[in-house]
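The next block holds one structure in the form of structure tokens; read it before the comments.
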Amino acid sequence: MGRVLDSEIKFLTGVGPRRAELLQKELGISTFRDMLYTFPFRYVDRSKFYSVREIDSTSAYIQLRGRIVAMQMMGEQKARRLVATLDDGTGRIDLVFFQGIKWMQDKLQTGKEYVAFGKPSVFNQEYNMVHPEVDEATPERLATLGTLSGIYSSTEKLRNSGLGNKVFSKLEATLLSKVLDSVEETLPQYILDSKHLCGIKSALKNIHFPENVQALVKAQERLKFEELFYLELSLLKQKLVRTSGSDGVVLKQIGNAFNRTYANLPFPLTGAQKRVLHEIRADVLSGRQMNRLLQGDVGSGKTLVAILAAMMAVDNGYQACIMAPTEVLANQHYNGIFKYLEGTGVEVALLTGNTKAAERRRIHAGLEDGSINIIFGTHALIEDTVQFKNLGLAVIDEQHRFGVEQRSRLWSKSAVTPHILVMTATPIPRTLAMTLYGDLDVSVLDELPPGRKPIQTVHWTESQRGKLYEFMRRQIKAGRQVFIVYPLIKESEKMDYKNLEEGYMAITEEFQAPEFCTAVVHGRQKPENKAFDMDLFVRGKAHILVATSVIEVGVDVPNASVMVIESAERFGLSQLHQLRGRVGRGAEKSYCILMTGYKLSDESRKRIDLMCQTNDGFELAEADLRMRGPGDFEGTRQSGLAIDLHIADLAKDSPVLSQARALGEEILAEDPQLQSPRNALLARHLKEMRFEIKDYSRIS
Ligand code: ADP
Ligand code: MG
């Protein structure tokens with residue numbers, strides 16, 4: 001059947017070259033297969049009739065039944081339209097036609113009863129319906145309306161070219177009658193049986209034209225499963241290819257560097273940190289390249305895991321690099337490591353965009369001859385002409401700030417293939433992470449170091465600013481420090497800096513020197529000023545740090561116990577959570593204060609409320625996912641990972657996703673090459689698939 005489904009869409013009866021071009025441009029449909037797999041995005045119950053009186057601003061597609069009581073032509077030229085007034089006994093509504101006027105004039109007769117199906121809109125403060133589907137309400141016609149009717153996504157252009165829902169649906173019907181008989185099953189019988197899924201023919205027929213609700217649900221289940229199953233199968237296959245290679249350097253020794261660092265730790269590792277280090281250790285012993293994603297909520301102690309992993313490389317004569325997304329953070333990582341280094345003999349260095357030329361030359365030489373063991377830095381590490389002697393491990397912190405491209409450049413800087421550890425504080429459900437991040441293995445730090453006190457989060461509005469200052473004053477008097485963060489969004493950068501500046505002025509006015517010291521950090525400062533102010537705050541000399549969201553990703557000041565987020569409604573959930581994670585690291589009770597204006601959109605209010613309700617990053621991430629969908633998920637947008645799904649939704653269908661992945665794992669464990677006859681169909685279908693997934697093994 002492959003052949004028929006590969007036919008160009010212009011050859012479908014009713015399409016032709018002009019519509020074909022539109023379908024391609026507007027909906028990406030170029031073949032019969034594309035069309036067949038373009039499903040309705042929702043369904044309406046056509047057995048139900050609404051009354052005109054019921055219509056309100058929330059009405060989507062509805063069906064009315066009533067008499068046409070008047071017809072008239074209105075407007076001039078472009079606005080020329082036929083207006084037919086329908087009366088159903090509860091009220092009247094205008095049916096408006098700009099196109100096909102003549103045809104409608106012939107079809108509609110005043111006094112007769114019709115069924116009108118469409119979406120109400122408002123014109124001149126009255127509801128009307130533009131270009132509804134209209135049928136005479138004869139008993140025969142009413143019987144053929146069926147129950148559920150699919151609504152396909154459309155565009156202005158398509159509608160204007162007469163390719164509205166009714167026509168589109170008709171084309172689907174034509175297509176089905178032409179190809180359904182020859183459609184071949186895409187899942188082996190044993191999967192259909194074990195998962196209780198309906199066959200492909202029944203699924204395709206019912207997804208477009210459901211016989212009833214049960215049949216539609218069955219069809220959706222089957223098609224979602226199929227889609228996610230093949231997605232997972234192809235990811236797992238790719239992973240199999242990578243992990244069967246033998247290009248990973250073996251880090252066998254545990255030696256002085258690791259052991260001394262470990263002994264220098266002022267606290268025991270958490271259980272989760274130990275577990276993850278074991279996972280990493282198993283990877284680097286395997287002879288295969290590690291590609292691991294480490295997820296851990298803010299404050300879960302990822303940095304330490306990175307440092308200990310780096311020591312594993314050093315103990316085996318390899319170098320390690322630890323990349324951070326911002327200068328501030330790279331600095332902090334670098335400065336933070338010295339307290340663990342005593343007695344290790346490990347040489348470390350820091351390379352950022354601001355490293356001076358002489359120092360830069362020294363570092364380049366040290367990396368090339370291997371005298372520098374661990375290098376910290378920003379993306380300057382990638383952009384620079386850095387060459388490593390033998391890079392054994394690359395750690396990328398907060399990976400979503402690094403594009404795929406950037407990462408791939410790093411691996412070309414060493415003769416050996418480094419192990420890769422990507423760390424992120426954006427916790428997302430495991431299976432989803434494994435899907436979104438391609439074939440990376442996933443570790444989770446699901447335990448915070450002991451002694452953390454939960455952070456209390458409150459929402460205050462502008463009228464409570466006095467109270468805010470009072471609260472800050474008390475905290476500072478008690479010896480604590482305070483963050484105040486302003487949003488920084490590219491599109492309105494200028495305005496944002498202005499807000500920050502005004503905020504800073506107001507704070508210095510309110511909290512005057514010499515009693516109080518306020519530092520300020522933002523992207524427009526000279527690097528040395530930024531470093532100076534940052535340092536003031538880190539060393540506890542400044543009471544308040546006013547900053548843009550640059551501090552979001554990782555600054556560690558345990559004595560800071562208050563996080564004030566200005567214009568909190570402008571931040572996303574995961575960003576708010578990251579920011580909040582900057583406090584609550586010390587022994588004192590900490591607070592996060594979300595400042596907003598009085599008026600909030602529903603969605604902003606939801607975000608703010610969620611923040612006040614929970615401290616759990618996973619819970620927030622899942623809520624975020626539900627609210628925004630995974631395409632929008634921070635990080636995935638930039639990750640270059642495009643997964644084009646027809647029917648499944650990675651966020652909402654996560655149980656199906658997990659099932660699909662489990663089945664894929666099971667099958668590949670038994671039959672890695674998909675050579676057994678019962679898997680022949682899988683092997684063949686997998687080859688035909690066109691998931692747009694970046695192959696992570698190739699960039700690493
Ligand atoms: P994140 O995962 O957000 O990067 P960090 O690595 O910055 O977290 O760690 C947060 C804080 O917790 C740091 O001050 C770090 O020294 C401390 N920390 C890390 N591991 C432990 C531990 N096992 N016990 C106590 N404190 C720890
Ligand atoms: Mg961190």
Side-chain angles (χ1 to χ4, degrees), residues 55-60 120-123 125 127 455-473 475 482-511 520 522 544-552 562-583 590-617 619-629 631-634 637 651:
I55 297 174
D56 63 32
S57 61
T58 64
S59 299
S121 50
V122 179
F123 179 71
Q125 283 138 39
Y127 286 109
I455 304 160
Q456 187 179 341
T457 305
V458 294
H459 172 207
W460 287 349
T461 56
E462 209 44 49
S463 61
Q464 287 154 299
R465 191 162 287 279
K467 179 162 131 192
L468 170 69
Y469 289 157
E470 198 42 50
F471 179 74
M472 285 170 57
R473 197 165 275 126
Q475 287 286 312
V482 179
F483 288 107
I484 303 181
V485 178
Y486 284 83
L488 181 57
I489 293 164
K490 268 256 142 22
E491 294 83 63
S492 55
E493 217 173 77
K494 252 204 178 120
M495 282 281 289
D496 286 346
Y497 277 116
K498 195 161 156 278
N499 291 343
L500 173 104
E501 208 165 27
E502 284 169 7
Y504 176 63
M505 303 288 268
I507 288 295
T508 47
E509 187 69 22
E510 185 74 28
F511 296 85
V520 61
H522 59 79
I544 301 172
L545 179 70
V546 176
T548 52
S549 34
V550 290
I551 65 151
E552 167 193 347
V562 182
M563 167 62 67
V564 180
I565 305 178
E566 296 284 355
S567 304
E569 73 275 16
R570 293 181 55 199
F571 289 94
L573 256 188
S574 77
Q575 233 183 342
L576 288 172
H577 182 63
Q578 298 298 310
L579 287 169
R580 175 169 61 184
R582 296 308 114 211
V583 296
S590 295
Y591 304 85
C592 175
I593 299 165
L594 305 172
M595 297 296 291
T596 73
Y598 188 70
K599 262 190 102 134
L600 284 179
S601 72
D602 286 352
E603 209 184 300
S604 303
R605 184 167 297 278
K606 242 190 231 155
R607 280 201 301 271
I608 305 272
D609 287 350
L610 269 166
M611 280 292 293
C612 296
Q613 280 158 23
T614 181
N615 269 308
D616 183 327
E619 211 175 294
L620 287 169
E622 286 191 39
D624 207 16
L625 205 54
R626 278 198 306 276
M627 269 155 70
R628 301 194 298 169
D632 231 15
F633 213 81
E634 226 170 313
R637 225 172 332 173

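The model shown is predicted, which means the values in this text are computed figures rather than measured ones. Along the sequence shown, residues carry numbers from 1.
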Task: All side-chain hydrogen bond (donor to acceptor under 3.5 Å, both in side chains) counterparts of Ser567, not counting sequence neighbours - done: none
TODO: Could you grab the distance from atom CG of Leu468 to atom OG1 of Thr461, nearest 0.5 Å is fine?
DONE: 11.0 Å
Task: Note, Ile484 side chain near Met472 side chain (heavy atom, < 4.5 Å) - done: yes
Task: Set of salt bridge (Lys or Arg N to Asp or Glu O under 4.0 Å) partners for Arg465, sequence neighbours left out - done: Glu462, Glu566
TODO: Rounded to the nearest 0.5 Å, what's the gap from CZ on Arg582 to CD1 on Ile455? Could you check?
DONE: 9.5 Å
Task: Closest non-hydrogen atom pair, Ala568 against Ile608 - done: CB-CD1, 3.9 Å
TODO: Kindly indicate whether the side chain of Phe483, heavy atoms from C-beta on, has any atom under 4.5 Å from the side chain of Val564.
DONE: no
Task: All side-chain hydrogen bond (donor to acceptor under 3.5 Å, both in side chains) counterparts of Gln456, not counting sequence neighbours - done: Lys589
TODO: Would you please name every residue forming a ring pair (Phe, Tyr, Trp, His ring centres under 6.0 Å) with Tyr497, sequence neighbours left out?
DONE: His522
Open item on the list: On a heavy-atom basis, which atom in Gly503 and which in Tyr486 lie closest, and how many Å separate them?
Closed with: CA-OH, 3.0 Å
- [ ] Decide yes or no for Tyr127 and Ser121: does some side-chain heavy atom of the first lie under 4.5 Å from some side-chain heavy atom of the second?
- [x] no
- [ ] Apply side-chain hydrogen bond (donor to acceptor under 3.5 Å, both in side chains) to Glu569 and list each qualifying residue two or more places apart in sequence or on a separate chain.
- [x] none
Open item on the list: List the residues meeting side-chain hydrogen bond (donor to acceptor under 3.5 Å, both in side chains) with Asp56, not counting sequence neighbours, and say none if there are none.
Closed with: Thr58
Open item on the list: Between the side chains of Asp496 and Arg570, is the shortest nitrogen-to-carboxylate-oxygen separation below 4.0 Å, so that they form an ion pair?
Closed with: yes
Task: Note, Val458 side chain near Cys612 side chain (heavy atom, < 4.5 Å) - done: no
TODO: Return the set of residues passing ring pair (Phe, Tyr, Trp, His ring centres under 6.0 Å) with Tyr591 (not counting sequence neighbours), or none when no residue passes.
DONE: Phe471
- [ ] To the nearest 0.5 Å, tell me how far Leu600 CG sits from Arg605 CZ.
- [x] 4.5 Å
Task: Listed partners of Lys467 passing side-chain contact (heavy atoms from CB on, under 4.5 Å), at least two apart - done: Trp460, Gln464
Open item on the list: Let me confirm one number: the SG-NE2 distance from Cys592 to His577, rounded to the nearest 0.5 Å.
Closed with: 10.5 Å
TODO: Go through the steps for Leu545 and Val520 under the test side-chain contact (heavy atoms from CB on, under 4.5 Å), then give the verdict.
DONE: CA-CA 6 Å; Leu545 179 70; Val520 61; 5.9 Å; no
TODO: Mark yes or no for whether Arg580, through its side chain, and Met611, through its backbone, hold a donor-acceptor pair below 3.5 Å.
DONE: yes
Open item on the list: If you define the side chain from C-beta out and look only at heavy atoms, does anything of Phe571 sit under 4.5 Å from Leu594?
Closed with: no
TODO: For Ser601, enumerate each residue passing the side-chain contact (heavy atoms from CB on, under 4.5 Å) test, keeping only those at least two apart in sequence or located in another chain.
DONE: Glu603, Ser604
Open item on the list: Between Ile593 and Met563, is there a side-chain heavy-atom distance shorter than 4.5 Å?
Closed with: no
TODO: With sequence neighbours left out, write down each residue that passes salt bridge (Lys or Arg N to Asp or Glu O under 4.0 Å) with Glu470, or none if nothing qualifies.
DONE: Arg473
Task: 4.5 Å side-chain heavy-atom contact, Thr548 and Val485 - done: no
Task: Glu501: side-chain contact (heavy atoms from CB on, under 4.5 Å) partners, not counting sequence neighbours - done: none
Task: Pairing residues for Tyr504 by the ring pair (Phe, Tyr, Trp, His ring centres under 6.0 Å) criterion, not counting sequence neighbours - done: none
- [ ] Using the side-chain contact (heavy atoms from CB on, under 4.5 Å) rule, take Gln613 and Asn615 through it: C-alpha gap first, then chi angles, then the decisive distance, then the call.
- [x] CA-CA 7 Å; Gln613 280 158 23; Asn615 269 308; over 6 Å; no
